[in-house]
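Order of listing sets the numbers, starting from 1, for every ligand and every atom in it. Everything numeric here is computed off the predicted structure, so don't read it as measured data.
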Amino acid sequence: MKNPLLTLVLLAAASAHAAEHEVKMLDIGADKEPMVFEPAVLKIAPGDTVTFLPTTRGHNVESKLVPDGAEAFKSELDEKYSVKLDKEGVYIYVCPPHSMMNMVGVIQVGEATNMDAVNSRLPKLEKRAMSNKGRLSKYIEQLKGDSADKPAEATATENKPAAATTTESQPASGDNKATAK
Ligand SMILES: [Cu+2]
């Protein structure tokens with residue numbers, strides 16, 4: 001028999017690493033954008049939890065793209081909803097009642113392991129939006145930008161953080177052709 005106390009201590013240590021993040025569901029964002037998740041772009045570590053808050057009413061959240069092996073998620077309308085994200089990669093979610101207004105958000109967990117899938121789904125996901133067009137693409141660009149100049153690790157400047165490798169595939173030319181490897 002193992003020492004149960006030790007097990008408890010180890011569990012506590014493991015869960016201490018996981019951070020909690022909150023995303024508000026809003027009719028109007030801080031920047032006056034209508035129907036937004038805030039923050040709409042999140043970068044978190046594997047095992048972190050994201051809680052969606054029904055700050056204003058009439059919203060919920062449903063994943064549209066998750067990394068391979070990750071579970072899709074969906075909340076009820078006006079529900080406070082938490083999801084723990086273990087699998088690395090980019091997650092894209094929408095607010096179903098406002099998907100036509102492009103109420104979307106992205107979460108990158110660890111490394112962006114599934115950018116090929118993201119890039120190939122992006123046009124279709126954008127197409128459903130009747131207003132706020134291009135918002136999702138902008139968020140994805142923001143993700144790439146963040147990983148390129150992550151100040152926390154980059155300050156040392158001696159060696160590029162591993163995160164930089166994912167952005168190497170020319171973000172400049174944008175969406176016309178995602179020259180697959
Ligand atoms: Cu909504």
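With salt bridges taken as basic N to acidic carboxylate O contacts below 4.0 Å, one links Glu141 and Lys144. We find that Glu71 and Lys87 are not joined by a salt bridge, their nearest charged nitrogen and carboxylate oxygen being 4.0 Å or further apart.
At least one N, O or S atom of Met103, from either the backbone or the side chain, sits less than 2.8 Å from the Cu ion (ligand 1).
For His98, the N/O/S atom at the shortest distance from the Cu ion (ligand 1) is named ND1. Here the N, O or S atom of His59 that is nearest to the Cu ion (ligand 1) is ND1.
His21 and Asp48 share a donor-acceptor pair across their side chains, judged by distance under 3.5 Å alone.
Annotation for Asp68: atom CG does not count as buried by contact number, only 12 or fewer foreign heavy atoms lying within 6.0 Å.
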